[in-house]
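Some notes on the structure that comes next.
Worth saying up front: this structure is predicted, and the values here are computed from it rather than measured. Counting from 1, the numbers follow the sequence of the chain as shown.
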Amino acid sequence: MECIVIVGAGHAGVQAAASLRDEGFDGDIELVSAESTLPYHRPPLSKRFAEGLTDEAIALRPAAFYATQDIGLRRGTAVEEIDARRQRLTLGSGEQLAYDQLILATGARNRRLAVPGEELNGIVSIRDLGDAYRLASSVVIGTRAFVVGAGYLGLEVAAVLARRGVKVTIAASRPLPLSRSVSEGTAKVLATALREMGIEIIVGADVAGFEGSRHRVTGVRLGDGRLCATELVVIGIGAVPSIKLADHAGLDVDDGILVDEALATSAANISAIGDCARLRGGARLESVANATFQARRIAAQFCGKPDLTPETPWFWSDIGELKLKMVGVRQPDDVVQTLAVNDGHVALCFRDQQLAAVETINANRVHVAARRILDAGVPLGMDVANAPGFDIVAHAKALAARVAESSRAA
């Protein structure tokens, strides 16, 4: 009987196992997780860590799912080595696990801030449930927190801390928060909202090190010499793909495990999906939506089902009361038009006069419409979007009706 082994039990790994069963695969499935908890949703870790998260509340699937679907979930099991030639894994226990197909869904790990004092207590990052528990236990009303990094994780954590009565400072290396990922107009809206939450933003800030007393952090030393007193530091400076296993096994890696359009790596019978995978000649996408889609796609391929139609990449972030959603991947040279929509914000990003990406804050109907338009692959020109009375939601509905009519006619 054929055996598929999946290394990594995050969104990609668990979805791959579930989709294999959904598509009719009746062989053995072994899902190997280095964590001892049930596989869980990771987005709540930075958005809801102060709510007293429990294993069961954020589990991707209930414990019974793995038994009823005949999926071998190996928790607390590290993979030490991949022998690609012999098609087997060496586990931390010394056990050898053979596979017919191997799916690497190893995800990503937090980028380290290697500066003096990084070992002090009171300095945390969030990648797993244990990190979220440690951060939650540090939340005390009236204390000070210093967040290093103004990306998604940093802003999400900062908003939660501020809501809990913590005095928050964010160190942003760029002039605006999240400016690597969103347009200038959207970043300005975010910056204004963060300040209205009572959050201080220090822009252009480099962290030179941490000061401490009795092994606990007491301050952050900036590159210009300033010392910012604090009782808590949260590091959120991005993630790097977990490629160590693949690299040691001789697979091609470069900011991720390199895969082709079929998600196959450079080694026979080994695929990679999710945050650890990077399409050759393309970019690596870190998102739950992408991980889930790739998992469903690889399952369909293994089961001989029709290939899934690629989705336009989309992302989301909850920053306090702000629901930031993006579809498409904005490029620096895109022409951006911003709109105010019912107390929300919309940024339309055009490339070569055609709609390429849309950013929204508290404008979910526009986000859904933009996804439908971009997924349909029907160009939306800047001239059309600029026409008086243009309504992107109405445009998406009309487009869907035309597509449905064409399908019926065919």
Side-chain angles (χ1 to χ4, degrees), residues 43 47 152 155-156 176-179 181-193 196 283 285 287-294 296-297 306-410:
K47 301 175 177 69
Y152 297 113
L155 301 190
E156 290 167 357
L176 288 167
L178 213 59
S179 57
S181 304
V182 300
S183 64
E184 181 179 357
T186 300
K188 286 181 176 178
V189 171
L190 292 172
T192 298
E196 290 174 349
L285 297 177
S287 76
V288 172
N290 180 64
T292 301
F293 174 76
Q294 289 186 340
R296 293 171 52 233
R297 189 176 197 183
D307 193 13
L308 302 184
T309 302
E311 297 178 338
T312 306
W314 63 279
F315 315 83
W316 83 91
S317 178
D318 295 337
I319 303 169
E321 297 300 320
L322 304 180
K323 306 295 183 182
L324 170 64
K325 297 185 178 182
M326 296 146 287
V327 58
V329 179
R330 183 189 65 87
Q331 299 295 337
D333 294 334
D334 287 352
V335 176
V336 181
Q337 296 182 355
T338 59
L339 309 170
V341 181
N342 297 330
D343 297 325
H345 167 84
V346 175
L348 305 179
C349 307
F350 295 92
R351 193 173 311 142
D352 299 326
Q353 301 291 311
Q354 303 296 329
L355 187 68
V358 177
E359 304 163 353
T360 63
I361 298 176
N362 295 348
N364 187 59
R365 292 180 70 229
V366 175
H367 170 76
V368 172
R371 282 179 59 186
R372 288 175 175 169
I373 292 168
L374 293 173
D375 281 345
V378 179
L380 172 58
M382 187 183 298
D383 55 339
V384 175
N386 285 337
F390 175 77
D391 183 330
I392 192 170
V393 175
H395 182 85
K397 289 180 179 178
L399 175 61
R402 291 199 302 271
V403 171
E405 181 62 30
S406 298
S407 298
R408 285 193 295 267

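Within 6.0 Å of atom CG in Asp343, 12 or fewer heavy atoms from other residues, nucleotides or ligands are found, so the atom counts as exposed in its surroundings. Shown here is Gln354, whose CD atom has more than 12 heavy atoms of other residues, nucleotides or ligands within 6.0 Å.
Looking at residues two or more places apart in sequence or on another chain, you find a salt bridge (charged side-chain N to carboxylate O under 4.0 Å, His left out) between Arg330 and Glu359.
Across all non-hydrogen atoms, the minimal contact from Ala369 to Ile392 is CB-O, 3.7 Å. Residue Asp318 comes nearest to Trp316 through the heavy atom pair OD1-CD1, 4.1 Å, listed as atom of the first residue, atom of the second, then distance. Contact detail for Ala187 and Pro177: the closest heavy-atom pair is CB-O, 3.4 Å. Residues Ser317 and Tyr152 come closest through the heavy atom pair CB-CD2, 3.7 Å.
Rounded to the nearest 0.5 angstrom, Arg365 CZ and Asp391 CG are separated by 7.5 Å. Rounded to the nearest 0.5 angstrom, Leu322 CG and Leu155 CG are separated by 9.5 Å. Residue Ser183 holds its OG atom at 10.0 Å from NZ of Lys188, rounded to the nearest 0.5 Å. With values rounded to the nearest 0.5 angstrom, Trp314 atom CH2 is found 10.5 Å from Met326 atom CE. A distance of 10.0 Å separates NZ of Lys323 from CG of Asn364, quoted to the nearest 0.5 Å. With values rounded to the nearest 0.5 angstrom, Glu196 atom CD is found 12.5 Å from Glu321 atom CD.
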>> Apply side chain to side chain donor-acceptor pair (under 3.5 Å) to residues His345 and Thr186 and explain how you reach the verdict.
In response: CA-CA 8 Å; His345 167 84; Thr186 300; 2.9 Å; yes

> Could you walk me through whether Leu339 and Leu348 pass the side chain to side chain contact (heavy atoms under 4.5 Å, CB included) check?
Replying inline: CA-CA 8 Å; Leu339 309 170; Leu348 305 179; 4.1 Å; yes

>> As a quick check of understanding, evaluate side chain to side chain contact (heavy atoms under 4.5 Å, CB included) for Ile361 and Leu190, giving each step before the final call.
In response: CA-CA 9 Å; Ile361 298 176; Leu190 292 172; 3.9 Å; yes

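Contact annotation: the side chain of Val336 never approaches that of Glu184 to less than 4.5 Å [non-hydrogen atoms, C-beta and beyond].
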List the atom pairs, donor and acceptor, that lie under 3.5 Å between side-chain atoms in residues 372-386 and the rest of the protein, sequence neighbours left out.
from   : atom 1 : to     : atom 2 : distance (Å)
Asp375 : OD1    : Thr312 : N      : 2.9
Asp375 : OD1    : Thr312 : OG1    : 2.8
Asn386 : OD1    : Gln337 : NE2    : 3.1
Asn386 : ND2    : Met382 : O      : 3.3

